[in-house]
Amino acid sequence: LRSIVTVKASEVVRTVLRRRWKILVPVGLAGAGLLALLAIGVFGVHTLFFDRVADDAPPVFASGAAAASVATVAEGDFIDRSHPGEGRAVVLTDGTSERFLRFEDFRTDNGPDLNVYLTTGPADGDSGSFDDDFIDLGDLRGNVGPQNYAIPEGVDLDRYDTVVVWCVRFGSAFTAADLAPVGAEAG
């Protein structure tokens with residue numbers, strides 16, 4: 001009896017496919033297209049297949065300070081979080097209130113909706129705390145290469161002492177770096 005039911009079921013499936021292929025093929029193609037649209041548009045899968053390369057020159061200060069008078073006041077190395085990260089984050093100043101965050105030898109995975117945050121939690125801490133108290137410095141310019149971000153005047157780097165590359169869409173830290181004061185300029 002089981003073999004008869006199996007044979008009958010397979011005959012029914014073949015008959016439906018034979019008669020309805022003109023409907024099933026377009027519906028199947030539309031479904032595959034919808035899945036591709038979701039994968040690209042919502043989840044940003046396409047970003048896994050290429051790098052966005054930044055190549056910012058060292059920042060130019062409003063004071064016109066020569067490169068020799070620009071000081072590094074804090075720095076730290078990127079560590080892996082939910083994605084690999086490498087390179088160095090440095091805070092540069094010309095002695096005025098103007099400061100820049102610069103990424104050097106930077107590399108991480110590409111992803112959708114990545115931003116650069118200054119946060120209060122440690123780089124190796126709970127990632128849930130990164131978006132609790134933060135300063136958003138803007139969109140990540142590239143997942144590879146040197147880049148600069150202006151630090152708004154009045155930001156306390158003793159408090160906001162961690163840099164995080166944050167995926168806004170998925171609430172995930174890609175990579176992070178603790179900023180430690182450097183030399184006599186720090187404080």
Side-chain angles (χ1 to χ4, degrees), residues 44 47 50-187:
T47 61
F50 65 90
D51 288 327
R52 279 189 13 220
V53 178
D55 192 18
D56 291 1
V60 176
F61 289 86
S63 68
S69 64
V70 173
T72 299
V73 294
E75 62 187 2
D77 293 322
F78 283 99
I79 63 169
D80 298 351
R81 290 298 308 210
S82 63
H83 293 264
E86 60 186 61
R88 191 158 196 73
V90 296
V91 176
L92 303 172
T93 186
D94 63 349
T96 67
S97 61
E98 189 175 24
R99 296 171 297 178
F100 286 92
L101 174 66
R102 180 164 173 80
F103 292 179
E104 296 177 342
D105 301 317
F106 179 72
R107 176 177 288 279
T108 190
D109 290 341
N110 200 358
D113 206 7
L114 298 179
N115 282 43
V116 177
Y117 288 178
L118 288 174
T119 68
T120 57
D124 60 355
D126 177 33
S127 65
S129 68
F130 289 142
D131 64 345
D132 290 343
D133 187 9
F134 65 93
I135 306 293
D136 187 347
L137 299 181
D139 294 342
L140 183 71
R141 289 187 177 81
N143 65 301
V144 175
Q147 46 208 287
N148 306 311
Y149 300 90
I151 298 174
E153 191 170 329
V155 171
D156 181 2
L157 291 178
D158 289 330
R159 177 176 168 83
Y160 296 98
D161 60 354
T162 302
V163 179
V164 178
V165 174
W166 184 258
C167 179
V168 176
R169 184 173 299 168
F170 296 111
S172 171
F174 268 46
T175 184
D178 287 321
L179 296 172
V182 174
E185 299 289 330

(request) Would you indicate whether the side-chain heavy atoms of V165 and R81 approach each other to under 4.5 Å? (result) no
(request) Applying side-chain contact (heavy atoms from CB on, under 4.5 Å), name anything that partners A177, two or more places apart in sequence or on another chain. (result) F78, A89
(request) Please report the shortest heavy-atom distance between D156 and D158, naming the atom on each side. (result) OD1-N, 2.9 Å
(request) Ignoring hydrogens and angles, tell me if any N or O in the side chain of D161 forms a donor-acceptor pair with the backbone of L179 under 3.5 Å. (result) no
(request) Decide whether N148 and R102 meet the rule of one side-chain donor and one side-chain acceptor closer than 3.5 Å. (result) yes
(message) Tell me whether D94 contacts the main-chain N or O of V70 through its side chain, where contact means a donor paired with an acceptor under 3.5 Å.
(response) no
(request) Please examine the side chains of D136 and V168, heavy atoms only from C-beta on, and report whether any two atoms are closer than 4.5 Å. (result) no
(message) Just checking D113: does its CG atom have more than 12 heavy atoms from other residues, nucleotides or ligands closer to it than 6.0 angstrom?
(response) yes
(message) For a quick check under 3.5 Å, do S82 and S172 share a side-chain donor-acceptor pair by atom type?
(response) yes
(message) My understanding is that only residues two or more places apart in sequence, or in another chain, count here; which of them pass side-chain hydrogen bond (donor to acceptor under 3.5 Å, both in side chains) with D124?
(response) none
(message) Run the side-chain contact (heavy atoms from CB on, under 4.5 Å) test against D77 and tell me which residues pass, sequence neighbours left out.
(response) R88
(message) Side chains of F61 and F100, heavy atoms from C-beta outward: is any pair under 4.5 Å?
(response) yes
(message) Once you measure the plane-to-plane angle for Y149 and F103, does it fall in the parallel (<30°), tilted (30-60°) or perpendicular (>60°) bin?
(response) tilted
(request) Please state whether the rings of H83 and F174 are parallel, tilted or perpendicular, taking 30° and 60° as the class boundaries. (result) parallel
